[in-house]
A.B. asks: 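Next up is a structure, given as C-alpha cells.
Throughout, a chain's letter reflects where its sequence line sits, starting with A, and its residues are numbered from 1.
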Amino acid sequence: RALGGGLGEEAFEEIEGVLIQADLGVDTTQSLIAFLRAAARLHHVGDTETLIGLLKEELARILEQGDHAATWDGGGGPHVTLIAGVNGSGKTTTAGKLAARLHREGKSVMLGAADTFRAAAAEQLTVWSERVGIPIVKHQEGADPAAVAFDATDAAVSRRVDCLLIDTAGRLHTKVNLMEEIRKIRRVVQKRIPSAPHEVLLVLDATTGQNGLQQARIFTEAIEVTGIVLTKLDGTAKGGIVVAIQQELGIPIKFIGVGESIDDLQPFNPREFIEALFS
Amino acid sequence: SLSQKLENAFKNLRGQGKLTEKNMKEGLQLIRMALLEADVNYKVVKQFIADVTEAADGQRVIDSIRPDQQIVKIVHDELVKIMGGSNAPLITAEKAPTIIMLVGLQGQGKTTTAGKLAVHLKKKGRKPLLVGADVYRPAAIRQLEVIAGQAGVESFSLGEHANPVDICVMSRGEAQMRGCDTIILDTAGRLHVDDAMMAEVRQIQKAVTPHEILFVANAMTGQDAVNSAKQFHDNLPLTGVILTQMDGDARGGAAISLIQITGCPIKFVGTGEKLEALDAFHPQRMADQILG
Ligand SMILES: Nc1nc2c(ncn2[C@@H]2O[C@H](COP(=O)(O)OP(=O)(O)OP(=O)(O)O)[C@@H](O)[C@H]2O)c(=O)[nH]1
Ligand SMILES: Nc1nc2c(ncn2[C@@H]2O[C@H](COP(=O)(O)OP(=O)(O)OP(=O)(O)O)[C@@H](O)[C@H]2O)c(=O)[nH]1
Ligand SMILES: [Mg+2]
Ligand SMILES: [Mg+2]
C-alpha cells in the first residue's frame, strides 16, 4: 500500500536490502525500518529520496553520540593506548599508523610490542617503529605479554614519553585464557599508571559480519573498550555493524583504516560514513 | 533458539494436512532472519527461501514429526546440498612439483594456512616448499620463514625487494634443487578492487599455472563475501576455498556465498592458530552452525 505520493512497500524493501548488505544486521535494520515507517507517516513522505534523507539523519543521530575525538592527554604522565581485537583485524598496522599520526602532531611516541606469540609479530611492529623513527619496547618471542606491557609503560614513564601505544596479539573473544591474558595486560598497565590505559581501542575489520557485535561485547566486558578503529574501509565492505555496537554498547568509532600505508588512518566522520553506506 | 521459535510458529500446523506457502509464512520468516543473522548473503537468502518454499509447498504434514522439524529438515538438507562434498581432496599433479597458491583479502590467515598445509602434506610423506611472495607487508617473508621452521619444512624467497612473479617462477627451480615435490605460494593480502594487485595474481597464475588456487577467507566475513569471492573467481581459476577462524563463534554464513560464487568446494577449515589446526570441512556440521 502506498503511503501517499509515490512511496510504496518496495521503497522500504529496497532500503532493507541496502542496510542488511551493509552489515547493519537484522535487529538494527528492523528498528530503523520501523522508525522510517513512523516518520514517513508523520511527515507525509511521498518519495524515496526524502525517505532516505530521513534515514541518514537518524543514522547520524545514532553515530554522533559519544565522544569520537580521541584525546591524548595523560594527565601529567604518558597517555597509554591499548590496542586489541581478533586475529588479522589490523591492530599492528593501526598501531604503526597511529604512532605516525601522533608523531606528526609533535608528540613523543613509543610503541610496546606485547604480541609475543605470533611468528615475527615483534619484527612487524619494529618495521613500523623504524618508519616513524620512534622507540619500541619488545621482548623475546614467547615472553609474557603482560611483562612487555609493564616494561613499556614503565619505560614510557621514565623517558617522559607523551604517548605509548601497546599492540597486543590477535585473540578470539571465545578463548577464555586469552581474554584473561588481555585482562591481565590491562591490569599491569594500570598498576604502573593508575589512570591508564587512557584509551582502549578495539580494532575491527570492516569485512566482519554480525560476529563483530559479539566481539565488541566480550572485549568491552573484559577490558572496557573506549573506541573502535574500523579497518579496511578501502575495500567494498561497509562495516555497518558499528551502528549496532554504538547503539547497544555506546562505543564510538574513533578512527577508520583506509589502506596499508602509513597515512591511511583517518578520524571517524559520521556523515561521510553514512554517505558511503548508500553509495 | 530457532527451533523453539519455529515450534511456536508451527504449532497450529498439525491437522492442516499439508504445508502451504500461507501456513509456512511465519516460520519461513524466522528462518530468513536466522540466515541473515548468520551472515548468509541477502540475495542468496531471498533465493534460498524461495527454493525451500517450493520444495516444501504441497508436502504432506507428516504426523510422526513436528511440522517445524519437517521444515528445518528441508532447510538443513538444502544447505547441505549447496555446500556439497565434504571430502574434496587437494589436487596432486601428475608430474611434480604440485603447485598450490593461496590468495585472499588482507589478514584472513593465508600465511598461517600455508604453514598448516605444509604440516598436513608433510604428515602424508610429501616434501613441501613454502614460498614467500608477499613483498609488501612488513616482515611477511620473515613470518613465513619462522612458520617453515616451526613446521620443519623448507622455505624460499628472493626478499622484499624482488618481484612476486619472479619469486614464484624461481621457486620451481628451487623446489627441484631441494627435492621438494610440492610448492606452496603465500601471496600478499589484496583487495579485489585493487586493479594492480589483482593484475599481479593473474600474472603469477599465468607464469606458473598452479594446480590448486585456494581462496582463503575468514568465517566471520559478512555480506561482503559475495563481492570479494566474485572478483577473485573472475580473475583466477580458483579450485577451492579455505575458511579460517572456525574456532570462533561466527555462524559462518559466508560459507554459502563463497561456495555458490566460486563454484568451488571448501577444502579445509582453520580451527586455531597452531599449525596443526587444519581440519576437513563438514557440510552437515556447518549447516547446523549456520542455522544456530
Ligand atoms: N586494505 C587495508 N588493509 C589493511 C588495513 N589495515 C590493516 N590492513 C592489512 O591487514 C593485514 C593484517 O594487518 P595486521 O596489522 O597484521 O593485523 P593484526 O590485527 O595485527 O593481526 P594479528 O596480530 O595477527 O592478529 C595486513 O596485510 C595489513 O596491511 C586497512 O585499513 N586497509
Ligand atoms: N584463531 C585462529 N586464528 C587464525 C586462524 N588462521 C589464522 N589465524 C590468525 O589470524 C591472523 C592472521 O593470519 P595471517 O596468516 O598473518 O593472515 P594473512 O592472510 O597471511 O595476512 P596478510 O598476509 O596480511 O594478508 C594471525 O594472528 C593468525 O595466527 C584460525 O584458523 N584460527
Ligand atoms: Mg598484530
Ligand atoms: Mg600473509
A.B. asks: Under a 4.5 Å heavy-atom cut-off, does chain B meet the side chain of A/Gln124, its backbone, both or neither?
C.D. replies: both
A.B. asks: Mind listing the closest non-hydrogen atom pair of B/Ile147 and B/Thr112 along with its distance?
C.D. replies: CD1-CA, 4.1 Å
A.B. asks: Flag the one option from B/Gln245, B/Lys46, B/Arg251 with the top tally of heavy-atom pairs under 4.5 Å to chain A.
C.D. replies: B/Gln245
A.B. asks: What option among B/Ala139, B/Pro138, B/Gly109 has the most heavy-atom pairs under 4.5 Å with chain A?
C.D. replies: B/Pro138
A.B. asks: Rounded to the nearest 0.5 Å, how far does CG of A/Leu111 lie from CG of A/Leu125?
C.D. replies: 4.5 Å
A.B. asks: If you count heavy-atom pairs within less than 4.5 Å of chain B, which of A/Gly212, A/Gly17, A/Gly25, A/Gly235 leads?
C.D. replies: A/Gly17
A.B. asks: If you count heavy-atom pairs within less than 4.5 Å of chain A, which of B/Thr244, B/Asp224, B/Asp247, B/Leu144 leads?
C.D. replies: B/Asp224
A.B. asks: Output the option from B/Leu191, B/Val193, B/Asn218, B/Val226 having the highest count of non-hydrogen pairs under 4.5 Å with chain A.
C.D. replies: B/Leu191
A.B. asks: Taking side chain as everything from C-beta outward and backbone as N, CA, C, O, which of these in B/Gln150 sits under 4.5 Å from a heavy atom of chain A? Side chain, backbone, both or neither.
C.D. replies: side chain
A.B. asks: Considering only NZ, NE, NH1 and NH2 on the basic side and carboxylate oxygens on the acidic side, decide whether A/Glu275 and A/Lys238 come within less than 4.0 Å.
C.D. replies: no
A.B. asks: Indicate whether any N or O donor in one side chain lies under 3.5 Å from an N or O acceptor in the other, for A/Lys138 and A/Thr126.
C.D. replies: yes
A.B. asks: Sort out for me which of B/Ala250, B/Ala217, B/Ala38 touches chain A most, counting heavy-atom pairs under 4.5 Å.
C.D. replies: B/Ala250
A.B. asks: Would you mind checking which part of B/Arg190 comes under 4.5 Å of any heavy atom in chain A, side chain (CB onward), backbone (N, CA, C, O), both or neither?
C.D. replies: neither
A.B. asks: Using non-hydrogen atoms only, which part of A/Ile218 is less than 4.5 Å away from chain B: side chain, backbone, both, or neither?
C.D. replies: neither
A.B. asks: For residues A/Phe273 and A/Phe268, establish whether the separation of their ring centroids is below 6.0 Å.
C.D. replies: yes
A.B. asks: Any salt bridge between A/Lys232 and A/Asp205, counting N to O under 4.0 Å?
C.D. replies: yes
A.B. asks: Would B/Lys116 and B/Phe268 count as a cation-pi pair here, with the cationic atom under 6.0 angstrom from the ring centre and within 45° of the axis?
C.D. replies: no
A.B. asks: Is chain A contacted by the side chain of B/Leu105, its backbone, both, or neither, given a heavy-atom distance below 4.5 Å?
C.D. replies: side chain
A.B. asks: Looking at A/Gln214, A/Gln215, A/Arg118, A/Glu141, which one has more heavy-atom pairs under 4.5 Å with chain B than the rest?
C.D. replies: A/Arg118
A.B. asks: In plain terms, say whether B/Arg202 and B/Asp195 are close enough for a salt bridge, that is, a side-chain N and a carboxylate O under 4.0 Å apart.
C.D. replies: no
A.B. asks: Should the pair A/Glu9-A/Arg37 be classified as a salt bridge under the 4.0 Å nitrogen-to-oxygen rule?
C.D. replies: yes
A.B. asks: So which residue, A/Val86, A/Thr29, A/Thr208, A/Thr236, ends up with the most heavy-atom pairs under 4.5 Å with chain B?
C.D. replies: A/Thr236
A.B. asks: Salt bridge between A/Lys97 and A/Glu260, side-chain N to carboxylate O under 4.0 Å?
C.D. replies: no
A.B. asks: I'd like to verify something: which residue of A/Asn87, A/Val127, A/Thr174, A/Ile241 has the highest number of heavy-atom pairs under 4.5 Å with chain B?
C.D. replies: A/Asn87
A.B. asks: Side chain, backbone, both or neither: which part of B/Asp194 has a heavy atom under 4.5 Å from chain A?
C.D. replies: neither
